[in-house]
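Written below as structure tokens is the structure these notes are about.
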Amino acid sequence: MATLTVDEFKQDFKDMILRLYAEDIKDSDAHQQFTALAYLLREMYAPNLKETRQRYENDRVKEAYYFAIEFLPGRMLQTNLLNLGLSDVVMTGLLEMGLDVEKIVDAEPDPGLGNGGLGRLGSAFLDSAAALHMALNGNGIRYQYGLFRQTFENGFQVEMPDDWLRGGNAWEVRRENRACLVRFGGNVWMAEDVFGRLVPHYENTTDVLAVPYDTGIVGYHNHTVNTFRLWSAELPTDPSRTYTLQEKQNVNEITEILYPDDSNYAGRLLRLKQEYFLVSAGVQSIVRHYRKHHRNLNHMDLTVAIHINDTHPAMAIPELMRILMDEEFMSWDQAWALTTKVMSYTNHTLLAESLETWPEDMVAQTVPRIYQIIQEIDRRFRAMQVPVYGDDRVNRCAPLGNGTVRMAYLAVIGSHSVNGVAKLHTELLETDVLKDLYRIYPEKFNNKTNGVTMRRWIQIANPPLTKLLDSDVNGDWKHRPLDIIGVQSFANDPTFLKKLREVKVKNKRALAKRIRTHLNIAVDPDHALFDVQIKRLHAYKRQLLHALYIIDEYQQIKAGKDLAVPRVHIFGAKAAPSYYYAKEIIKMINELANLINNDPDVGDQLRIVFVPNYGVSEAEDIIPAADVSEQISLAGKEASGTSNMKLMANGAITLATMDGANIEIADAVGQDNIVIFGMTAAQVQAYTNYSSQAIFDGDKHLQKVVNALIDGTIPNIGREGRDIYNSLLQYNDEYYVLADYESYAKAQDRITGLYQDPERWYQMAAINIAKSGQFSSDLTIARYGDDIWHLTRDQLVN
Ligand SMILES: *Cc1c(COP(=O)(O)O)cnc(C)c1O
């Protein structure tokens, strides 16, 4: 924690503005003010960053390196202020200088270096590890353009480039002296050197310079500052040759854009290059760093752990093998034993189409030496396992098959630990998605249910709730996440419940004001229920189910039947630009919004707000104001979900299927404090004779709702309405929307009933907050550290 008085801060801030911009504060703009603040904070934690590094080195502390193709850090200003213990001093100082704090906060670009939950999880882990004094380093790609910025035109999603680095990035430090070369393409063959060792010879390779940019991850009220390293591709600085513009373009494009799809992807060759670029640069720098401080590589597993977050960085396995054998002259067996001890892997998905595979010839051409090593891994795996498990099983799960490299299988075979991200997900990995490998390596499999950082989602996003918890709840919930259970003792205390309600209404008013200002929609924060679904737009997440219910509500109103409780349905969701169906859903919901929000018959009963450009900052505005958290994926499809956790921690009631971590939320809060509906994963699996048409034909009410898609009820969706209608009926409704509809509508009716009794409602909210502690990423990362990486950390008293 830093110490600084308000007056010292004001002087330092003025000086910084002057040094950076040769200006007085009164002439500076919000972006300059943000930048000056960021530089000030960076100066304050820089000594701790250096000392943290030195401590790890001197004490030979084991370090873990978390590799991920995506991170979603969110804005860093408030996080760093909070973690340094400077929020109050700085806020007071800024106010005293007459500056607009909100404008300064908003001037920071929100780095969209991830698509959704996957990237957000990695960033939460970095925050939590620093809070616990754990030596965890992030390794990712410094995309020049993050995930596209979303706007709506005539209800259609329009994608704009996210030029997040345009105004510079105040938090990062370029470390050209730590750059490494990454080799692509060309030919490679093995030949003996003068010592009789087999070494690779390369010709016609394309070499790319990987330059790291480091950002400090400040621990919460401690002295730890860890390193979050993002790699950028540049032309090598080889004075002996010149490069054409085309060559420069080919190199730069490797880190130009994040693929805007979190399940499947386009631009395959470039994506493959991104993946190898990340792992090669990262693993090279780890081995180089290790070599500087230790002699014997054979003991690398005692001080180094490498984590493969989802399949994208799985080539870290053959890359480490390559370095150990080709550059450090280890035998295969030595290198393999070490590699499997160092590597661990998290699987993040149950969608079959998302288990990455690469055409073998593409891998052979792009990274020929890595391909050779994967072939050898495959050959040895088969030689070892076929005698025990037989041809069929081993064929199904070997790294090579059907002319492709199967990244998930490679990751499992080359790691000592494989984890899923919620209990159900891990169970389904073992019994379904990875069952053949589970049979061979049952000891590798374990569960680590995801978590969220309560610092961002309560302390920063929800100051009124923070204040209430601070004043009323015993214990130290900010350091010991489970202490938030103290809220439970107030679940029958009308005074506390009234205060909790005031907190929620305050947050709803703040959101209503933003909605009014930015989107010109009037919503009533005092009477309406805020029903929130915020997540990527994907058919399996079933935003369509939610939308059908809104149509249902609208039809009730048009039939002259008032809603018992007015509702505001809030959506936030980006669709992958190439995901045509998802974009049709967006268009449909926007047109439905347009219809409902402007129909005088509706009055104040119903609104739809589709918040554009959903990202971390938007989530911070929406979540504290949510009454209902929609977690309505088809059971068996959502690996974990994390917005469910953020929302419960902010006192929203979960409306959910028994999917992902919803199951664990239900276990925690009990059936009385969550609203569950729909088929279970087992029921879905067993439902082999599903006919959406039969359900439709047997349900008059449902027919009326679904027909609204095609009968002109909703204007301007001729084509989209027909396509969506056809997906439900002609194509047999892949995600069982119609099968779950009746159950969902009844669950929504239960929500309405509960909401009409505020005391009961806020009692449920209190219990949800009380039970949210177990979903803190502090606890999750402690388990990764203890069970998988064997890192030292602070005691978590819980
Ligand atoms: C938490 C979060 C997600 C993940 O949401 P799910 O509902 O779990 O898919 C996605 N995007 C952002 C910006 C988030 O903050």
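We count ligands from 1, going down the list as the structure has it; atoms in each ligand are counted the same way.
- Ion pairing between Arg75 and Glu620 fails under the 4.0 Å rule for side-chain N and carboxylate O.
- At a threshold of 4.0 Å, the pair Glu275-Arg271 counts as salt-bridged, since one of the basic side-chain nitrogens sits closer than that to a carboxylate oxygen.
- Counted by atom type alone, Glu630 and Gln748 present one or more donor-acceptor pairs between their side chains at under 3.5 Å.
- Remark: Asp621 engages Arg514 in a salt bridge, criterion side-chain N to carboxylate O under 4.0 Å.
- Annotation: the span from Lys771 atom NZ to Asn673 atom CG amounts to 9.0 Å, rounded to 0.5 Å.
- By the 30° and 60° cut-offs, the orientation of the rings of Tyr744 relative to Tyr549 is perpendicular.
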Output, or 'none' if empty, a list of ligand 1-protein atom pairs in which both atoms are N or O and the distance is under 3.5 Å, rounded to 0.1 Å.
{"from": "ligand 1", "atom 1": "7 (O)", "to": "Lys535", "atom 2": "NZ", "distance (Å)": "2.6"}
{"from": "ligand 1", "atom 1": "7 (O)", "to": "Ser643", "atom 2": "OG", "distance (Å)": "2.5"}
{"from": "ligand 1", "atom 1": "8 (O)", "to": "Thr642", "atom 2": "N", "distance (Å)": "2.7"}
{"from": "ligand 1", "atom 1": "8 (O)", "to": "Ser643", "atom 2": "N", "distance (Å)": "3.2"}
{"from": "ligand 1", "atom 1": "9 (O)", "to": "Lys541", "atom 2": "NZ", "distance (Å)": "2.7"}
{"from": "ligand 1", "atom 1": "15 (O)", "to": "Lys646", "atom 2": "NZ", "distance (Å)": "2.6"}

